Amino acid sequence: MTYFPEEVLEHIFDFLSSHQDRNAVSMVCKSWFRVERWSRQRVFIGNCYAIRPERLVARFPRLRSLTLKGKPHFADFNLVPHDWGGFVQPWIEAMAKSCKELEELRLKRMVVSDESLELLSRSFPNFKSLVLVTCEGFTTAGLASVAANCRDLRELDLQENEVEDRKGHWLSCFPDTCTSLVSLNFACLKGEVNLGALERLVARCRNLRSLRVNGAVPMETLEKILARAPQLVDLGIGSYNHEPNSVAYTKFRNTILTCKSIKSLSGFLEVFPRCLPAIYPVCLSITSLNLSYAPGIRGPELVKLIRHCHKLQRLWILDAIADKGLEVVASTCKELRELRVFPSLFGAENAAVTEKGLVAISFGCPKLHSLLYFCHQMTNAALITVAKNCPHFSRFRLCILDPQKPDANTQQPLDEGFGAIVQSCRGLRRLSLSGLLTDQVFLYIGMYAEQLEMLSVAFAGETDKGMLYLLNGCKNLRKLEIRDSPFGDVALLMDVGKYETMRSLWMSSCNVTLAGCKTLAIKMPRLNVEIINEFNDMELEEEENFCDSQKVEKMYVYRTLDGPRQDAPNFVTRL
Amino acid sequence: MAKAAGLGLEITELRLGFGSNGHNKKRVFSELVVKDENSSNESEELLRKSQPSENRVVGWPPIRSYRMKNVERKSNPVCSSSESAKSYVKISMDGAPFLRKIDLKSHKGYHDLGTTFKNLFNCDGGVLINCSDWSQYTAIYEDKDGDWMLVGDEPWEMFIESCKKLRIMKKAN
């Protein structure tokens with residue numbers, strides 16, 4: 001090979017932004033490995049137990065940005081016990097010793113303590129960005145450390161975390177010298193915030209682009225903030241409840257007209273719907289709208305609002321919008337790329353959505369590529385129509401609220417409908433199934449879903465063949481999670497090498513036995529096979545109950561370079 | 001370390017009837033109780049009510065527990081208008097050239113309201129009307145259905161919810 005000076009190689013590698021590309025390049029030869037490793041700035045680790053933190057920092061000493069994911073996805077639905085693991089502390093400790101240049105940390109489903117946040121805030125002088133998604137274990141005291149000590153903080157983004165409120169004035173801990181904030185999202189915090197501190201913070205951070213406040217921030221404060229920050233691009237409204245003829249509302253209505261850059265709206269955590277007209281002018285230019293935390297806005301009011309949103313590309317909404325409302329979305333939001341319709345959790349008598357709404361959307365919004373749809377019923381005919389109208393789906397997640405519900409018209413399984421989706425959408429990367437499904441749907445998925453990376457299965461299938469079709473077919477499968485489906489040891493053990501090509505496999509309430517799991521663990525030493533058995537302690541005296549032929553409640557299998565983890569709690573058995 | 005068994009999970013026999021799972025012990029949604037007694041219980045209860053009893057399943061529908069807890073708590077759309085801080089209604093008096101507006105919620109009861117009537121339409125106050133004898137007048141209100149009702153029949157709390165407009169009417173002789 002022609003000799004290239006390493007500086008040239010490094011310069012060329014700078015143009016490689018995707019992780020896959022950089023990974024590929026690092027495997028070419030030793031020299032390239034070395035150059036790549038010294039120049040790598042961003043690392044993504046989809047399973048924090050796939051590798052020890054020490055190995056990461058040893059290989060990439062100049063790391064600037066780390067993304068980590070902890071618990072398995074089904075932890076979101078309480079299927080994973082509380083203290084299963086996913087602690088960020090060892091990562092921060094390792095990086096504090098060896099990666100001083102760290103600027104950005106993005107965590108999902110991890111346990112983050114105040115101690116970790118304190119250590120983070122003191123260890124990295126250039127730290128700029130902290131993004132925590134569905135994490136837990138910290139309080140506002142931890143946030144106070146970050147505010148106080150991270151001198152150059154640009155981004156503090158808290159999404160859907162469980163944060164204990166310690167009533168400390170964490171917002172006041174941003175020093176007067178802090179002017180660097182670009183993005184601040186604390187919508188998930190429950191407690192009061194120091195409103196004066198917030199106003200002053202916004203006033204001095206002239207580069208602030210994104211602000212999402214919690215329900216404790218009233219309209220009066222919001223108006224003052226908007227008056228100071230008309231440059232905002234992304235706004236999350238907290239409390240939005242005032243009488244339309246009040247002074248506060250009138251001021252707000254005028255001030256928001258000065259915010260000509262708003263492209264994204266969310267929040268409305270407390271809302272008085274008669275005040276919504278004030279934001280209609282803003283709706284004309286927004287591309288993203290999240291009203292999924294605003295159950296106070298009823299169907300007709302939602303529709304009135306949507307009629308103004310001609311440029312919308314992303315919409316997250318509650319099913320109060322109903323099928324009729326989705327028809328309005330279809331005729332108004334021609335640029336729609338992503339739609340999520342969540343179920344209202346109170347009162348089944350509330351309007352819900354059915355296959356009709358989805359079909360209307362598919363006719364009106366051909367650019368749609370990402371869907372999460374909770375509905376009461378579905379039909380094969382509807383799914384076939386949707387597949388024809390929207391061949392560009394990359395993410396398709398359908399959740400029919402009644403498990404195993406068949407086609408609402410024909411009472412048949414929904415195999416054909418989902419089959420049409422995978423056959424038509426050749427770029428499909430993520431799929432979630434629901435409704436009544438036989439092995440046939442898995443045959444279709446295995447045959448057609450070549451790009452599929454993540455599949456979620458619940459209450460589906462009839463025999464091991466279903467799972468086998470999947471494992472044989474989907475070459476790019478990375479994450480497979482299955483619950484309450486009749487797949488057992490035969491399917492599990494047919495192609496054990498497959499699991500090393502995947503990030504993880506989750507199976508709960510299936511027919512997999514302890515014997516099957518043990519066999520898998522013995523055959524594949526580079527996989528961690530974890531059994532979560534919450535009744536373990538109760539049955540300790542009756543050990544003969546838990547024999548090899550007993551079905552395993554929850555199994556989580558993942559590839560790892562570092563063997564069984566040391567921090568697993570009692571109820572997790574590593575085989 | 002918290003042991004799941006010791007947290008008093010309610011293990012019920014609530015059966016689902018799907019699939020070929022042989023588990024006898026199936027935790028129902030009450031495992032949410034483990035995390036956060038108060039709010040989870042409410043969301044669990046609401047979810048239970050919203051689903052037919054045969055279909056209660058652990059961790060289903062697949063909605064993030066954060067969302068379950070927070071959408072429920074912030075709801076009560078029916079109450080949102082009544083929970084707003086003020087409730088101004090128009091009040092007219094026969095013979096008075098202007099109408100006034102009063103905040104019903106800032107009053108403690110009918111007696112308090114009566115005092116306000118006198119202050120609004122008395123010679124000493126707004127000089128709107130010269131009246132010496134309030135017994136010639138009676139107070140009525142328009143309710144949500146558009147009917148005119150006599151003030152004072154129903155409990156105060158119900159009255160302030162249903163009252164849309166007030167009128168002090170001269171009694172027919």
Side-chain angles (χ1 to χ4, degrees), chain A residues 74 76-79 81-83 134 160-162 188 215 241-243 245-246 269-274 292-298 318 320 342-348 350 374 399 401-404 432 434 456 458-459 483-486 509-511 534-538 551 553 569-571, chain B residues 1-7 9 11 16-23 25-27 29 31-32 34-36 40 42-43 45-47 49-52 54-55 57-81 83-88 101:
Chain A
F74 276 177
D76 281 353
F77 321 130
N78 294 311
L79 288 178
H82 183 64
D83 29 11
T134 331
E160 302 192 343
N161 302 288
E162 299 287 351
C188 66
N241 50 1
H242 260 276
E243 281 283 346
N245 51 14
S246 64
L269 308 172
E270 308 274 347
V271 59
F272 197 30
R274 278 159 55 204
S292 65
Y293 282 102
I297 309 179
R298 281 157 291 196
L318 290 172
F342 294 95
S344 314
L345 292 173
F346 47 92
N350 275 1
F374 286 85
C399 179
L401 291 167
D402 262 357
Q404 296 190 321
S432 295
S434 60
S456 306
F459 306 102
R483 61 165 293 180
D484 292 273
S485 300
S509 305
C510 298
N511 291 346
E534 284 160 284
F535 301 106
N536 212 8
D537 293 330
M538 272 166 40
K551 285 183 198 164
E553 191 192 326
N570 290 1
F571 50 81
Chain B
M1 203 173 313
K3 297 184 183 3
L7 287 165
L9 294 171
I11 300 161
L16 312 167
F18 332 98
S20 44
N21 317 307
H23 295 292
K25 292 172 188 149
K26 202 84 169 178
R27 269 162 294 119
F29 233 97
E31 71 171 298
L32 278 176
V34 168
K35 275 356 133 13
D36 183 345
S40 302
E42 291 161 35
S43 32
E45 277 311 304
L46 285 160
L47 190 65
K49 283 172 195 153
S50 74
Q51 288 179 329
E54 327 78 62
N55 287 320
V57 178
V58 181
W60 190 267
I63 301 169
R64 253 185 208 170
S65 52
Y66 173 88
R67 182 175 286 281
M68 296 273 271
K69 288 179 199 169
N70 288 283
V71 172
E72 181 281 319
R73 197 183 296 154
K74 263 111 187 191
S75 67
N76 297 323
V78 178
C79 301
S80 62
S81 48
E83 273 166 10
S84 65
K86 307 210 179 291
S87 178
Y88 282 95
K101 249 199 170 165

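Values below: every heavy atom of this structure, side chains too, minus hydrogens, waters and symmetry copies. Bear in mind the structure is a predicted one, so any value in this text is a computation, not a measurement.
The two residues A:Ser292 and B:Arg67 have their closest heavy-atom pair at OG-NH1, 3.0 Å. Considering all non-hydrogen atoms of both residues, A:Asp76 and B:Arg64 come closest at OD2-NE, 3.2 Å. Closest of all the heavy-atom pairs between B:Lys101 and A:Asn245 is NZ-ND2, 3.8 Å.
Using a 4.5 Å cut-off on side-chain heavy atoms (C-beta onward), A:Cys399 and B:Trp60 make contact.
The contact between A:Thr134 and chain B is made entirely by side chain atoms (from C-beta outward), counting heavy-atom distances below 4.5 Å. When heavy atoms are compared at a cutoff of 4.5 Å, A:Asn161 approaches chain B solely by way of its backbone atoms N, CA, C and O. For A:Phe342, the part lying near chain B is the side chain, with the backbone staying farther off; criterion is any non-hydrogen pair under 4.5 Å.
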Working note: B:Met68 + A:Asn78, criterion side-chain contact (heavy atoms from CB on, under 4.5 Å); need CA distance, chi angles, decisive distance, verdict. CA-CA 11 Å; B:Met68 296 273 271; A:Asn78 294 311; over 6 Å; no
Give the C-alpha distance, both sets of side-chain angles, the deciding distance and a yes or no for side-chain contact (heavy atoms from CB on, under 4.5 Å) between A:Tyr293 and B:Asn70. CA-CA 7 Å; A:Tyr293 282 102; B:Asn70 288 283; 4.2 Å; yes
Please determine whether side-chain contact (heavy atoms from CB on, under 4.5 Å) holds for the pair B:Ile63 and A:Phe374, giving the CA-CA distance in whole Å, both sets of side-chain angles, and the decisive distance to 0.1 Å. CA-CA 10 Å; B:Ile63 301 169; A:Phe374 286 85; 3.8 Å; yes
